[in-house]
Amino acid sequence: DTIAEHVEGMKEPLRNIFDKKEEDYKQFYKIIDHSTFYIEIVCPDCSKYHTSLRLLKGESFALLTKKLIENMYIGSSFKETIHCDTDDSYCVDIYGDFNLPQTDVKVHLIIQCKTRRKTNAGIKLNELKEFVGGSKAYIYSKKEKLILSEMHPITMIYITNSFFNDDCINYMKKIGITYIDAEKYIKLIIRNSLLNTFIKLTKHNKKGTLK
């Protein structure tokens, strides 16, 4: 309730800021109120990269994502299953450990990267359930090999260059999967100074390599 009241109280001042600097802000941003709990600020400029993102091949998308995650968790090491011996049937494309800030606690990260070529094709609920089932098998195999302990914290992330339907979002919220769609992905690429790398990769997409 306290958070909801705080966010609600910030909506009007935020709109006032936008109104006072209309020429500076409104051509780049718009505010979307989804609920009383948060405000989303959308950057329409990201849309110009959607087509290029959809043209990325699966391997290129996974490699770019690995580079993004390593940039977000500096000092951590991640692997992508395309070039290692991890069973690809687990639906796990990237995995590795990162340290929680200011602690010695390591969290194991499991990521599925799913590409879509068509603009009207989103992620289906069955695909998410396959990822959950595959992740359980992956975690079990790691525990069998004593790579992960029974108490090892685990975070699951589903990333796509497309979008998620409402039933998918509700499902992920219930079981605790972090999800990143095309819009969020492009924002993360920009924030982590990887836009030039992304543009370079899309220009050389046929090669499917990332340097």
Quick note, ring pair (Phe, Tyr, Trp, His ring centres under 6.0 Å) partners involving residues 173-195, not counting sequence neighbours, are Phe61-Tyr185, Phe164-Tyr179

Quick one: [atom1] on [X] to [atom2] on [Y], what's the gap to the nearest 0.5 Å?
{"X": "Glu127", "Y": "Cys168", "atom1": "CD", "atom2": "SG", "value": "8.0 Å"}
{"X": "Ser52", "Y": "Asn161", "atom1": "OG", "atom2": "CG", "value": "11.0 Å"}
{"X": "Ile154", "Y": "Asp97", "atom1": "CD1", "atom2": "CG", "value": "9.5 Å"}
{"X": "Lys142", "Y": "His108", "atom1": "NZ", "atom2": "NE2", "value": "6.0 Å"}
{"X": "Ile157", "Y": "Ile111", "atom1": "CD1", "atom2": "CD1", "value": "4.5 Å"}
{"X": "Thr51", "Y": "Arg54", "atom1": "OG1", "atom2": "CZ", "value": "8.0 Å"}

Side chains of [X] and [Y] in contact at under 4.5 Å (non-hydrogen atoms):
{"X": "Thr115", "Y": "Leu56", "answer": "no"}
{"X": "Tyr49", "Y": "Thr202", "answer": "no"}
{"X": "Leu55", "Y": "Arg117", "answer": "yes"}
{"X": "Asp93", "Y": "Glu80", "answer": "no"}
{"X": "Leu188", "Y": "Met72", "answer": "yes"}
{"X": "Val92", "Y": "Ser135", "answer": "yes"}
{"X": "Tyr171", "Y": "Asp167", "answer": "no"}
{"X": "His50", "Y": "Ile186", "answer": "yes"}

Inset, instruction - Assess whether side-chain contact (heavy atoms from CB on, under 4.5 Å) is satisfied between Ile139 and Ile110, documenting all intermediate values. - result: CA-CA 9 Å; Ile139 293 168; Ile110 302 173; 3.8 Å; yes

Taking all non-hydrogen atoms of both residues into account, name the closest pair between [X] and [Y] and its distance.
{"X": "Ile175", "Y": "Val132", "result": "CD1-CG2, 3.5 Å"}
{"X": "Ala62", "Y": "Ile94", "result": "O-CD1, 3.5 Å"}
{"X": "Asp181", "Y": "Ser162", "result": "CB-O, 3.6 Å"}
{"X": "Leu194", "Y": "Leu68", "result": "CD1-CA, 3.6 Å"}

Cation-aromatic face contact Lys114/Phe131, 6.0 Å, 45 degrees = no

In terms of hydrophobic clusters joined by side-chain contacts under 4.5 Å, are Phe78 and Ile159 together? yes

**Request:** Is it possible for you to say whether Ile147 and Tyr138 belong to one hydrophobic cluster, with membership spreading through side-chain heavy-atom contacts below 4.5 Å?
**Result:** no

Donor-acceptor under 3.5 Å (Ser149 side chain, His152 main chain)
yes

**Asked** Do the side chain of Asn71 and the main chain of Lys67 share a donor and acceptor less than 3.5 angstrom apart?
**Response** no

Would you find more than 12 non-hydrogen atoms of other residues, nucleotides or ligands less than 6.0 Å from Lys124 atom NZ? no

Applying ring pair (Phe, Tyr, Trp, His ring centres under 6.0 Å) to Tyr73 and not counting sequence neighbours gives Phe98

Ile74 meets the side chain to side chain contact (heavy atoms under 4.5 Å, CB included) criterion, sequence neighbours left out, with none

*Kindly determine whether Leu64 and Ile189 satisfy side-chain contact (heavy atoms from CB on, under 4.5 Å), including the steps that lead there.*
CA-CA 9 Å; Leu64 180 62; Ile189 290 294; 4.2 Å; yes

